[in-house]
Q: 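Here it is: the structure, laid out below.
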Amino acid sequence: MPEIFIYDNNCQLRKHLNATHDDYFARTGLPVDVFHFKAKHKTSDMECQRHCNPAAFPDLIDGDKWRVNSSICEETNAWFGGFMAIVREMEATRYTFFLDEMIKRRNRFTVKQLEKRGFHPWRIPIDVLFRS
Ligand SMILES: [Zn+2]
């Protein structure tokens, strides 16, 4: 299980887990993504504020900046949605292969676009991502 699972509607997920006494995410933090938290979640909802406020997760913040760009996650999710009609009927291996290829192509395109605009994109070494 991931340590943190960011989701637009985690406060409803948390309420459901609590109501059903489900401990599947017991060791996973469930913050709401920053955009949705600011725009769609009430400050008067104390359960939401207590369990799902992204600012309450120190791992998500570095100084005064977010370490995770959850807006990019949202954009990527919307991009994935564009393949729904294509992948809907695919079996798992083909589905995984297809999306893996699309992701690689998109990443190559994004890197080239960033370099053209004068940025210097870089890769995070895999051992840094999966430290134990
Ligand atoms: Zn909420």
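If you're wondering where the values come from, they're calculated on a predicted model, not measured in any experiment. Order of appearance sets the numbers: ligands from 1, and atoms from 1 within every ligand.
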Q: Which residue pairs satisfy the ring-ring contact (aromatic ring centres under 6.0 Å, His included) criterion with at least one member in residues 60-83, sequence neighbours excluded?
A: Trp79-Phe83, Phe83-Phe98
Q: By the definition side-chain contact (heavy atoms from CB on, under 4.5 Å), identify the one residue from Leu60, Val68, Thr28 that meets it with Ile4.
A: Leu60
Q: Report the residues that fulfil salt bridge (charged side-chain N to carboxylate O under 4.0 Å, His left out) with Arg50, sequence neighbours left out, ordered by chain and then residue number.
A: Glu47
Q: Please say whether more than 12 non-hydrogen atoms of neighbouring residues, nucleotides or ligands are located less than 6.0 Å from CD in Glu101.
A: yes
Q: With sequence neighbours left out, write down each residue that passes side-chain contact (heavy atoms from CB on, under 4.5 Å) with Arg67, or none if nothing qualifies.
A: Asp62
Q: Check whether Tyr7 and Phe35 end up in the same hydrophobic cluster, where Ile, Leu, Val, Met, Phe, Trp and Tyr are linked by side-chain heavy atoms less than 4.5 Å apart.
A: no
Q: Excluding waters, how many protein N/O/S atoms sit closer than 2.8 Å to the Zn ion (ligand 1)?
A: 3
